[in-house]
Amino acid sequence: MTRPVVHITEVGPRDGLQNERADVPTAAKVAFIERLVEAGARQIEVASFVHPKWVPAMADAEGVFAGLTRQPDVRYVALVPNARGYERARRADCDAIALFTSSSEGFAKKNINRTIEESLEIIGGVAKRALTDGVSVRGYVSTIFACPYDGPTEPKRVADIVERMLDLGCYEVSLGDTIGVGTPMEVERLLDEVLGRGIDVDKLVMHFHDTWGMGVANVAQSLSAGIRRFDASAGGLGGCPYAKSATGNVATEDVLYLLDKLGYETGIDLDGVVAASQGVAGHLSGALQSRVHAAVVKERGAC
Ligand code: HMG
Ligand code: MG
């Protein structure tokens, strides 16, 4: 019997490494990405073209793209905040851009120095240009459960912004628990609201940070609601420079283990991801944050 498919977007090279010291060598980032692709990642967020003063760790985004040997069946995504970022990403020949906004004003202001409405106006213009250029557009909505500055977020507010992002032409919208505070109960409440509006479940992605250790439980809850797309970060790397309380995304290794045990197919090899995470680990300021990663290493030794 064929196993149902779940799509994983690997965000470690961007969401993971954006919070690192600026001195992770570009070649180590390129090797990390290429190993993840070898492990089976088919959509991967390579870097962000944001202001280098705001996020110094992403200042070498052009170098990372230029260093990659591209595989034809892989979508290499660039995170972009505005027209200037789009021009840089386009020159780097990305396959898709990820545009982002927030469902809370406090985070929008701190993260992109704009209100939500201003950011939707800016990214609306960028989406139009990208689609005309034949570049696919992905979207993010942050702070879906709570904001580090404004407190809890109402599901209705998130659903409104998801609809606006889809109206811009995003092929999928990723719902970000930026500070990793959500629990399965909140996932259920939010997805009831979003799916209750008739939004196509295939256009929704869940993006959990794992600050409070609920990432895998939240993935399981989302699966029950019919979600089949998740973002994850190899080794559980990361955090957000403008949400100090956030730690890394739910680890790709943890999500792969769960999905395999639940009978889903991802096309991504767990040992391959462990090897990729180990390859970059020596360049990081902290330890990898994945229980499954640690268990694999303990059981099989280094991959
Ligand atoms: P600003 O200071 O308001 O920028 O920052 P501005 O538009 O006023 O422009 C000021 C100067 O910056 C200009 O240069 C621009 O050209 C330049 P000048 O004319 O003065 O010489 N500039 C740029 N340079 C390079 N690349 C650019 C760029 N844009 C303007 N793209 C801005 C506004 C959006 C640029 C800034 O706030 C920024 O870069 N923010 C990014 C913050 C960030 O990367 N946060 C993390 C990613 S989001 C995230 O992690 C959440 C997510 O994972 C989902 C979740 O977990 O919820 C996606
Ligand atoms: Mg994130």
Side-chain angles (χ1 to χ4, degrees), residues 9-20 22 45-62 77-92 94 96-104 106-116 118-123 125-126 137-150 153 158 161-162 165 170 172-182 190 205-211 215 218 230-234 236-252 289:
T9 298
E10 175 56 57
V11 296
R14 193 283 302 172
D15 209 347
L17 296 182
Q18 72 181 7
N19 219 28
E20 277 299 318
E45 213 168 73
V46 168
S48 61
F49 292 88
V50 296
H51 198 295
K53 282 204 184 117
W54 284 62
V55 184
M58 292 285 113
D60 63 348
E62 277 87 353
V77 184
L79 189 83
V80 158
N82 55 16
R84 172 94 176 87
Y86 174 64
E87 282 149 18
R88 294 175 55 203
R90 177 111 172 90
R91 270 200 302 278
C94 62
I97 55 169
L99 296 171
F100 57 107
T101 191
S102 166
S103 47
S104 63
F107 185 68
K109 190 73 192 157
K110 286 275 197 257
N111 195 41
I112 45 177
N113 200 24
R114 298 289 183 274
T115 65
I116 296 169
E118 286 167 346
S119 79
L120 284 166
E121 169 103 28
I122 291 167
I123 64 181
V126 174
V137 179
R138 187 169 202 259
Y140 277 109
V141 179
S142 287
T143 58
I144 58 168
F145 300 129
C147 170
Y149 311 102
D150 298 353
T153 310
V158 178
I161 297 174
V162 170
M165 296 294 277
C170 295
E172 63 187 24
V173 176
S174 178
L175 278 63
D177 181 10
T178 318
I179 54 174
V181 291
L190 175 61
V205 184
M206 298 309 287
H207 176 108
F208 296 116
H209 284 257
D210 205 17
T211 316
N218 289 341
F230 297 94
D231 295 342
S233 165
L237 304 182
C240 178
Y242 295 97
K244 291 294 174 213
S245 52
T247 62
N249 298 81
V250 63
T252 310
Q289 298 295 330

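Both counts, for ligands and for their atoms, begin at 1 and track the order of listing. Source: prediction; values computed, not measured.
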Distance filter under 4.0 Å to [X] heavy atoms, resulting ligand 1 atoms:
X: Ile112; result: 33 (C), 34 (C), 37 (O)
X: Gly85; result: 31 (N)
X: Gly176; result: 57 (O)
X: Phe100; result: 48 (S)
X: Pro81; result: 31 (N), 34 (C)
X: Arg114; result: 3 (O), 6 (P), 7 (O), 8 (O)
X: Ser142; result: 51 (C), 54 (C), 55 (C), 57 (O)
X: Asp15; result: 50 (O), 53 (O)

Does some non-hydrogen atom of the protein lie less than 4.0 angstrom from [atom]?
atom: atom 13 (C) of ligand 1; result: no
atom: atom 10 (C) of ligand 1; result: no
atom: atom 22 (N) of ligand 1; result: yes
atom: atom 56 (O) of ligand 1; result: yes
atom: atom 39 (O) of ligand 1; result: yes

Of all the N, O or S atoms in His207, the one nearest to the Mg ion (ligand 2) is NE2
Can you tell me which N/O/S atom of Asp15 has the shortest distance to the Mg ion (ligand 2)?
OD2
Provide the closest heavy-atom pair for Thr101 versus Ile161 in the form atom of the first, atom of the second, distance.
CG2-CG2, 3.7 Å
If you look at every heavy atom in Thr153 and Cys147, which pair is closest and at what distance?
OG1-N, 4.2 Å
Is Glu118 touching ligand 1 with its side chain, its backbone, both, or neither, if touching means heavy atoms under 4.0 Å apart?
neither
Side chain, backbone, both or neither: which part of Asp177 comes within less than 4.0 Å of ligand 1 when only heavy atoms are counted?
neither
Can you see whether Thr143 engages Ser102 through a side-chain donor-acceptor pair at a distance of less than 3.5 angstrom?
yes
I want to check a possible cation-pi pair here: Lys109 against Tyr149, using under 6.0 Å from ring centre and within 45° of the ring axis as the test.
no
Charged tip of Arg14 within 45° of Phe100 ring normal and under 6.0 Å
no
For [atom], find the nearest protein heavy atom and state the residue, atom name and distance (0.1 Å precision).
atom: atom 2 (O) of ligand 1; value: Trp54 NE1, 3.7 Å
atom: atom 49 (C) of ligand 1; value: Arg14 NH1, 3.6 Å
atom: atom 41 (C) of ligand 1; value: Asn111 O, 3.5 Å
atom: atom 30 (C) of ligand 1; value: Asn82 ND2, 3.6 Å
atom: atom 31 (N) of ligand 1; value: Phe49 O, 2.9 Å
atom: atom 17 (C) of ligand 1; value: His51 CD2, 3.4 Å
atom: atom 26 (N) of ligand 1; value: Arg88 NH1, 2.9 Å

Short N/O distance, under 3.5 Å, between [X] and ligand 1?
X: Tyr140; value: no
X: Leu79; value: no
X: Asn113; value: yes

With distance as the sole test, does [X] use its side chain to make a donor-acceptor pair with the main-chain N or O of [Y] at under 3.5 Å?
X: Asp15; Y: Gly238; result: no
X: Asn218; Y: Gly182; result: yes
X: Arg88; Y: Val50; result: yes
X: Thr252; Y: Ser233; result: yes
X: Thr9; Y: Asp231; result: no
X: Ser174; Y: Tyr140; result: no

How about CD on Glu87, more than 12 heavy atoms from neighbouring residues, nucleotides or ligands closer than 6.0 Å, or not?
yes
Could you tell me whether the side chain of Thr178 reaches within less than 4.5 Å of the side chain of His207, counting heavy atoms only?
no
Check whether any side-chain heavy atom of His209 sits under 4.5 Å from a side-chain heavy atom of Val181, and report yes or no.
no
Closest heavy-atom approach to atom 28 (C) of ligand 1 among His209, Arg84, Glu45, Gln18 is made by Arg84
Please verify the inter-ring angle class for Phe145 with Phe208; under 30° counts as parallel, over 60° as perpendicular, anything in between as tilted.
parallel
For the pair Leu175 and Leu190, evaluate side chain to side chain contact (heavy atoms under 4.5 Å, CB included) and give the outcome as yes or no after the intermediate values.
CA-CA 10 Å; Leu175 278 63; Leu190 175 61; 3.9 Å; yes
